[in-house]
2 protein chains.
Amino acid sequence: MSWSGPGDGGSGRRGYHHGNLREALIEAALELIGAKGPAGFTIAEAARLAGVSPAAPYRHFRDADALLAEVALRGYDRFAEQLATAWNGGRPEAVRAFEDLGRAYLAFARGEPAYYAAMFDSRLNIDAHPGLQAAADRAFAVLREAADGVASTLPNGRRPPSLMMALHIWAMAHGIASLFVREGPSRRKLPMAAEDLLEAGVLIYLQSLGLAGGE
Amino acid sequence: MSWSGPGDGGSGRRGYHHGNLREALIEAALELIGAKGPAGFTIAEAARLAGVSPAAPYRHFRDADALLAEVALRGYDRFAEQLATAWNGGRPEAVRAFEDLGRAYLAFARGEPAYYAAMFDSRLNIDAHPGLQAAADRAFAVLREAADGVASTLPNGRRPPSLMMALHIWAMAHGIASLFVREGPSRRKLPMAAEDLLEAGVLIYLQSLGLAGGE
DNA sequence: AGCTCATGTAAACAGCTTTTACATGAGTCG
DNA sequence: CGACTCATGTAAAAGCTGTTTACATGAGCT
């Protein structure tokens with residue numbers, strides 16, 4: 001527990017005023033979403049976790065959706081960051097970095113289920129929360145850039161459209177994350193690691209475009 | 001509207017006793033899920049739609065999740081049925097039938113959003129509702145069978161593992177449905193029809209395995 | 001005709017959301 | 001230093017919801 005300075009990001013109290021309620025509520029929301037899904041967290045329970053009255057959160061968020069949207073927003077940012085780190089500008093080698101990107105996708109879904117749920121599984125209307133769309137776009141831009149980097153490996157004539165590539169890979173990664181990694185009604189047991197399934201799928205896909213890994 | 005016999009599947013009333021409340025509740029749930037998502041339907045509102053008191057549904061379903069599970073169960077059955085119809089035993093030609101299967105997948109997500117949401121987007125714990133897992137298995141079995149049919153096109157040596165194929169295609173179809181077809185926080189505009197995106201992805205994937213469409 | 005039991009209602013309790021009026025105290029300014 | 005201001009907290013209340021309990025109804029059987 002870091003107790004540095006006046007603000008303590010956690011649930012501590014220093015008196016009548018919390019000191020850092022906004023952050024404490026976001027942490028509480030993450031905890032609750034992780035435990036019970038995006039529909040299973042309530043303002044009241046987040047307030048209880050933060051040690052304040054049920055009305056206090058309304059000083060910081062208009063309603064539960066606004067809090068959820070803030071969580072999703074931060075999730076997209078972390079997501080984009082982790083994907084970009086994995087891609088690493090296509091180094092040391094484009095196809096290899098692309099696989100790393102896929103593994104990072106699943107690692108995020110596995111390691112940050114609360115963020116992932118807020119981003120992809122919630123009732124949020126993306127139009128009603130300005131900034132969410134832009135944050136999602138920034139995350140997708142990493143994928144797009146990576147697809148572009150891989151496509152550029154090929155000579156100009158045989159170069160596949162990188163937007164389509166990005167969409168296909170995104171769909172497969174998201175599908176695997178939704179179906180086989182995350183909790184949910186349709187989660188299934190796999191005869192292999194989800195990461196290996198995705199890697200195989202990506203390699204088969206890339207091979208078809210003339211982009212095989214060790215060819 | 002079929003008004004055959006004593007039961008009228010809709011919301012009509014015939015007196016103190018509803019006559020067909022169970023079915024009416026399922027229809028109400030479908031309507032509400034379609035309008036507001038799996039988290040946006042309540043027992044109370046379903047009861048209101050069916051014209052009964054808020055306590056009446058509990059004679060038929062233990063709680064809201066049980067009603068949701070019944071909807072999901074029926075959804076999996078319809079889903080399996082429509083996929084099987086599209087696949088049609090691999091006729092007239094395996095790869096072509098496989099593409100039809102993909103289109104049927106998206107058509108279901110598009111045409112029956114309420115069922116699809118109950119099946120894939122809900123808070124249901126699949127273990128807590130016996131029968132759900134089996135119903136989901138039946139739907140996946142169609143995909144598996146189709147992948148097997150396509151793989152059998154090839155000579156024994158170059159035949160890819162059909163389970164892996166089925167998982168890859170399922171993931172891509174589900175990913176496209178989740179990201180680009182259904183409502184949700186991450187839904188994005190596409191520069192093409194989702195069906196075309198999926199078809200292109202499937203063809204690229206199959207081509208890599210030596211199963212190109214008109215090759 | 002009368003019994004039985006599935007299926008309905010009414011009423012009550014508890015939790016969540018959101019609003020309103022009020023309380024606190026941190027920071028600022030004379 | 002003392003007083004003002006305002007963001008940030010509380011308490012209380014109204015109106016939702018889910019769920020349980022005791023009671024009412026009437027359909028179908030004997």
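All heavy atoms count here, side chains included; hydrogens, waters and symmetry mates do not. A note on names: the letters A, B, ... follow the listed sequences, proteins ahead of strands, and every chain is numbered from 1.
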Q) Over how many whole Å does the gap from B:F61 atom CZ to D:dT20 atom C1' extend? A) 19 Å
Q: Just say parallel, tilted or perpendicular for the rings of B:F120 and B:H174, cut-offs at 30° and 60°.
A: tilted
(Q) Parallel, tilted or perpendicular, judged at 30° and 60°: which one describes the rings of B:F79 and B:F108? (A) tilted
Q) Atom NE2 of A:H60 to atom C1' of D:dC6: distance rounded to whole Å? A) 14 Å
Q) So how far is it from A:I126 CD1 to B:R187 CZ, rounded to the nearest 0.5 Å? A) 11.0 Å
**Q.** Atom pair distance, as rounded to whole Å: CZ in B:R59 and C1' in C:dC5
**A.** 11 Å
Report all interatomic pairs (protein N or O, nucleotide N or O of nucleotides 15-17 of chain C) with separations under 3.5 Å.
from: C:dC16; atom 1: OP1; to: A:R48; atom 2: NH2; distance (Å): 3.3
from: C:dC16; atom 1: OP2; to: A:R48; atom 2: NH2; distance (Å): 2.8
from: C:dT17; atom 1: OP1; to: A:I43; atom 2: N; distance (Å): 3.3
from: C:dT17; atom 1: OP2; to: A:I43; atom 2: N; distance (Å): 3.3
from: C:dT17; atom 1: OP2; to: A:A44; atom 2: N; distance (Å): 2.7

Q) Would you call A:E31 and A:R48 a salt bridge, using N to O less than 4.0 angstrom? A) no
Q.
How long is the straight-line distance from CZ of A:R22 back to CG of A:L67, given to the nearest 0.5 Å?
A. 8.5 Å
**Q.** Spacing between B:N20 atom CG and D:dA27 atom C1', to the nearest angstrom
**A.** 15 Å
Q) Quick one: salt bridge (charged side-chain N to carboxylate O under 4.0 Å, His left out) partners of A:R96, sequence neighbours excluded? A) A:D100
